[in-house]
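Numbers for residues simply follow the sequence, beginning at 1. First listed ligand is number 1; within each ligand, the first listed atom is number 1. Note that the coordinates shown come from a computational prediction; the quantities given were computed from them, not determined experimentally.
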Amino acid sequence: MSIKENLLKIKSSLPENVTLVAVSKTKPVADLMEAYNAGQRIFGENKIQEMTEKWEQMPKDIQWQMIGHIQTNKVKFMTPYVSLIHGVDSLKLLEEINKQALKNNRIIDCLLQIHIAEEETKFGLNEEELKDLLASETFKNLNNIKIIGLMGMATFTENQDQIRKEFEHLKSIFDTIKSLSIVNCQLSILSMGMSGDYPLAILCGSTMVRIGSSIFGGRSPLTPEGGNS
Ligand SMILES: *Cc1c(COP(=O)(O)O)cnc(C)c1O
């Protein structure tokens with residue numbers, strides 16, 4: 001099937017309240033344009049430099065979302081245009097995003113990444129670190145960022161029960177934090193679910209799925225991914 005067919009099929013299967021992020025990392029602009037021409041306007045990338053190159057080349061009505069792990073010193077390259085940053089997992093990073101957002105006269109939407117998987121390698125905050133971050137004075141004074149949701153990745157496993165438990169755990173943290181009243185933290189987005197697990201994620205309350213290979217085809221195993229952005 002073509003990229004367009006994949007995209008339209010997935011889109012038609014999603015409930016109305018679930019947003020599709022087309023994860024286009026490692027794929028050439030021509031592939032992204034095929035999705036664009038089929039109506040897709042939200043793209044997710046995991047490397048800041050690659051995302052910036054694509055932003056420069058592509059139509060300006062695209063929303064670019066950073067889904068990868070972020071190095072503080074590269075934040076400045078995306079702050080002029082990024083529409084949502086998924087993988088925020090420290091106060092230090094938030095302070096840098098806030099600083100760069102201020103320079104660009106913007107308020108940048110962010111998701112906090114929560115560690116729900118068993119693997120050590122997946123980034124993110126645990127529940128206690130999340131609560132500490134939100135309760136800190138430093139956080140309350142960040143006026144140029146807004147936390148609008150949470151993001152998480154389940155363990156890479158065939159065990160559906162385990163994946164479901166991890167998604168349910170994230171949903172329960174989401175519900176807890178959503179009920180708090182914090183000026184710059186008002187949750188509406190729960191970003192969970194990828195090609196292999198998005199139907200389950202949606203059953204568990206996801207409102208945003210990040211889908212790559214099911215739209216664009218597999219990525220070369222030789223291409224590094226999931227590393228630092
Ligand atoms: C690559 C990636 C995805 C998409 O993965 P697929 O399995 O290709 O759908 C989703 N989220 C993050 C954080 C990723 O790095």
Side-chain angles (χ1 to χ4, degrees), residues 1-11 13-14 18-28 31-32 34-35 38 40 42-52 54 63-71 74 78 82-90 93 109-125 148-160 162-163 166-167 170 174 189-229:
M1 290 216 298
S2 68
I3 291 170
K4 178 180 177 176
E5 286 168 327
N6 291 336
L7 181 76
L8 296 181
K9 189 168 162 226
I10 291 170
K11 268 191 127 158
S13 77
L14 298 178
V18 176
T19 303
L20 172 63
V21 180
V23 175
S24 48
K25 60 191 185 193
T26 80
K27 298 295 176 183
D31 287 6
L32 279 69
E34 196 175 331
Q40 184 64 22
I42 304 176
F43 290 86
E45 290 281 337
N46 74 338
K47 298 220 162 29
I48 292 172
Q49 187 178 337
E50 182 180 341
M51 181 167 79
T52 302
K54 288 172 174 173
Q63 295 177 40
W64 293 99
Q65 303 195 353
M66 174 44 56
I67 63 169
H69 190 70
I70 301 152
Q71 282 178 307
K74 294 193 181 159
M78 66 175 166
V82 70
S83 86
L84 179 64
I85 304 176
H86 288 238
V88 180
D89 63 357
S90 75
L93 179 56
D109 290 339
C110 298
L111 308 180
L112 291 172
Q113 183 169 356
I114 309 302
H115 183 100
I116 52 170
E118 266 189 350
E119 293 117 299
E120 289 288 329
T121 53
K122 289 192 175 150
F123 299 100
L125 303 158
I148 63 167
L150 302 180
M151 180 269 220
M153 289 169 86
T155 302
F156 189 71
T157 172
E158 292 292 314
N159 184 338
Q160 298 299 303
Q162 182 177 354
I163 298 173
E166 292 172 359
F167 284 152
L170 182 53
F174 178 82
I189 294 178
L190 181 53
S191 167
M192 60 184 194
M194 313 176 21
S195 290
D197 57 18
Y198 76 89
L200 184 51
I202 291 169
L203 289 176
C204 296
S206 170
T207 67
M208 180 172 268
V209 290
R210 309 174 309 269
I211 301 181
S213 45
S214 292
I215 297 172
F216 296 104
R219 292 173 296 269
S220 161
L222 296 175
T223 314
E225 52 174 276
N228 282 337
S229 181

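Considering backbone and side-chain N/O atoms, Met151 never comes within less than 3.5 Å of an N/O atom of ligand 1. The shortest N/O to N/O separation between Lys25 and ligand 1 falls below 3.5 Å.
Within ligand 1, counting atoms from 1 as listed, the ones closer than 4.0 Å to a heavy atom of Gly212 are 4 (C), 6 (P), 8 (O), 9 (O). Per-residue contacts place Arg210 under 4.0 angstrom from the following atoms of ligand 1 (heavy atoms of the residue considered): 4 (C), 9 (O), 10 (C), 11 (N), 12 (C), 13 (C). Those atoms of ligand 1 with a heavy atom of Ile211 less than 4.0 angstrom away are 9 (O). If you number the atoms of ligand 1 from 1 as listed, the ones under 4.0 Å from a heavy atom of Met153 come out as 13 (C).
Residues meeting the salt bridge (Lys or Arg N to Asp or Glu O under 4.0 Å) test with Glu5, sequence neighbours left out: none. With sequence neighbours left out, Glu45 forms a salt bridge (Lys or Arg N to Asp or Glu O under 4.0 Å) with Lys54.
Within the 4.0 Å heavy-atom shell around ligand 1 one finds Arg219.
Between Phe216 and Phe43, the two ring planes are tilted [angle within 30° to 60°].
Within 6.0 Å of NZ on Lys11 lie more than 12 heavy atoms contributed by other residues, nucleotides or ligands.
Atom CG of Leu20 is separated from atom CD1 of Ile211 by 5.5 Å, given to the nearest 0.5 angstrom.
At a heavy-atom cutoff of 4.0 Å, ligand 1 is contacted by no atom of His86, backbone or side chain.
Using a 4.5 Å heavy-atom threshold, the side chains of Ile114 and Phe174 count as separate.
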